[in-house]
Amino acid sequence: MNATRLETLSEHACFGGRQGFYRHASSATGTAMRFALYTPPQAASGVVPVLWFLSGLTATEENFAIKAGAQRVAAELGLALVVPDTSPRGPDVPGDRDGNPDFGQGAGFYVDATEAPFAVNYRMYTYVTRELPAVIGAAFPVDLARQAISGHSMGGHGALTIALRNPGRFASVSAFAPIVAPAAVPWGQKALAGYLGADRARWRDHDACALIEDGHRVRELLVDQGTADPFLDAQLQPERLERACRSAAIPLQLRRQEGYDHGYYFVASFIEDHLRWHHARLTAPGAPI
């Protein structure tokens, strides 16, 4: 597969636009990588702003595109939706030796691994922040000067940390049930130790609360969290983000949604709010920040 060639896996007419699924050879991961992209009808006459959506543990590029129901509102607003896969994949790509879903394939945590054997392929931070934007910008009518980012669970962690580490790049950032302090919870501790090693100082660049403590800033945050989420207390702990944002004077709209769990029924219930919130900021004078 040529590194500059996109392979179209499928394309589907959708609310006047097109939902596509694509594959290309990645120099960052050394594997074939897949992504989903929705282009709204407005893209037929010019470039459109982009919302990146990063998915969670065990997900692929298909979950959000198929389950969230975001295309109707994206078509109305004229937003492109880009959904990368969550990790490199393939028979030669290492995974969790115990077969657990919280590490390895499907669980890249949006970091550039430094530990063997993962450092060869698990370079999801570089892939999402550098390589894939270049691929998409060259092939689709999107305006990379107007970008927003969101994500779910592990992808919420990715959205928060990527936005904090790249000030001025995104007009807005939001998340659904994000892992806000991975260095403090089992999912994150396993992943960060496995990918980055035992030195916890190296974990701070991939922990939203630590990044805020270390002086990184975004203008504001929108976060939805279900109160019936089975991972709320052990893995997510949004109160840590509340404290960090309060100390840093970052406006945080943390909406605790009564009775909602961790799955895509939750995401689908509130995705319209997030899309409209992002669109308002992407189209405001002077956007992005």
Side-chain angles (χ1 to χ4, degrees), residues 52-60 63-64 67-70 83 86-87 96 98 100-104 106-111 149-164 172-195 200 203-204 206-213 218 220-248 250-275 277-278:
W52 293 82
F53 193 91
L54 306 184
S55 298
L57 291 167
T58 76
T60 71
N63 294 71
F64 179 81
K67 296 180 177 180
V83 188
T86 51
S87 79
D96 192 308
D98 299 322
N100 294 320
D102 54 1
F103 186 77
F109 268 82
Y110 304 100
V111 306
I149 192 166
S150 186
H152 173 225
S153 191
M154 178 186 71
H157 140 78
L160 294 175
T161 55
I162 287 171
L164 285 161
S172 49
V173 55
S174 74
F176 295 82
I179 306 170
V180 302
V185 301
W187 277 344
Q189 291 167 345
K190 179 177 181 178
L192 296 179
Y195 293 135
R200 285 176 172 255
W203 299 6
R204 296 186 70 83
H206 301 283
D207 182 304
C209 290
L211 284 164
I212 293 170
E213 290 170 4
V218 291
E220 59 182 327
L221 293 172
L222 171 64
V223 174
D224 274 309
Q225 174 62 63
T227 62
D229 191 321
F231 308 113
L232 178 58
D233 294 333
Q235 306 284 6
L236 306 178
Q237 302 180 7
E239 64 276 4
R240 291 180 179 270
L241 184 63
E242 280 186 306
R243 290 195 296 268
C245 287
R246 187 181 306 118
S247 295
I250 297 174
L252 166 65
Q253 188 178 170
L254 174 58
R255 310 193 306 180
R256 290 178 168 87
Q257 303 293 359
E258 190 67 31
Y260 283 86
D261 62 20
H262 196 70
Y264 266 89
Y265 294 116
F266 160 60
V267 174
S269 296
F270 302 104
I271 189 62
E272 180 171 351
D273 293 352
H274 284 241
L275 293 180
W277 188 83
H278 286 293

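Predicted, not measured: the structure shown is a model, and the values here were computed from it. Just so you know, residue 1 is the first one in the sequence shown, and it goes up from there.
- Side-chain atoms of Ser174 do not come within 3.5 Å of backbone N or O of Val223 as any donor-acceptor pair.
- In this structure, the side chain of Asp261 engages the main chain of Gly263 through a donor-acceptor pair within 3.5 Å.
- Between Phe231 and Ile179 the shortest side-chain heavy-atom distance does not fall below 4.5 Å.
- In terms of heavy atoms, Lys190 sits closest to Asp96 at NZ-OD2, 2.6 Å.
- Screening Leu221, Leu236, Leu241, Leu254 for a side-chain contact (heavy atoms from CB on, under 4.5 Å) involving Val180 leaves a single residue, Leu241.
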Checklist line | Full working for ring pair (Phe, Tyr, Trp, His ring centres under 6.0 Å) between Phe103 and Tyr195 | finding: CA-CA 9 Å; Phe103 186 77; Tyr195 293 135; 4.5 Å; yes
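- Between atom CZ of residue Phe109 and atom OG1 of residue Thr86 there is a gap of 10.5 Å, rounded to the nearest 0.5 Å.
- Taken from CD in Gln225 to OH in Tyr260, the straight-line distance is 13.5 Å, to the nearest 0.5 Å.
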Item checked: Worked verdict on Trp203 versus Gln189 for side-chain contact (heavy atoms from CB on, under 4.5 Å) -> CA-CA 9 Å; Trp203 299 6; Gln189 291 167 345; 4.2 Å; yes
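- For the atom pair Trp52 CH2 and Ile162 CD1, the distance stands at 9.0 Å (nearest 0.5 Å).
- Between Asp229 atom CG and Asp224 atom CG the span is 12.0 Å, to the nearest 0.5 Å.
- Across Pro101 and Thr58, no two heavy atoms sit closer than the pair CB-CG2, 3.5 Å.
- Counting heavy atoms from C-beta on, the side chains of Ser269 and Phe176 never come closer than 4.5 Å.
- The shortest heavy-atom contact between Tyr264 and Ser55 is OH-OG, 3.9 Å.
- Atoms CZ and CD1, on Arg240 and Ile212 in that order, are 13.0 Å from each other to the nearest 0.5 Å.
- For the pair Trp277/Ser172, a side-chain contact is recorded, criterion being any heavy-atom separation below 4.5 Å from C-beta on.
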Next item on the list: Please step through side-chain contact (heavy atoms from CB on, under 4.5 Å) for the pair Thr161 and Asp207, ending with a clear verdict.
Entry: CA-CA 6 Å; Thr161 55; Asp207 182 304; 5.7 Å; no
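- Note that OG of Ser153 is 8.5 Å distant from CD of Gln235, once rounded to the nearest 0.5 Å.
- Contact between Gly108 and Ser87 at its shortest, heavy atoms only, is N-CB, 3.8 Å.
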Next item on the list: Quick one: do Arg255 and Leu222 satisfy side-chain contact (heavy atoms from CB on, under 4.5 Å)? Show the steps, please.
Entry: CA-CA 8 Å; Arg255 310 193 306 180; Leu222 171 64; 4.1 Å; yes
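- Side-chain contact annotation: Asn63 with His152, donor-acceptor N/O pair under 3.5 Å absent.
- Nearest heavy-atom pair, Ala234 versus Pro186, reported as atom, atom and distance to 0.1 Å: O-CD, 3.5 Å.
- In terms of heavy atoms, Ala208 sits closest to Pro182 at N-CD, 4.5 Å.
- Between Pro238 and Leu232 the shortest side-chain heavy-atom distance falls below 4.5 Å.
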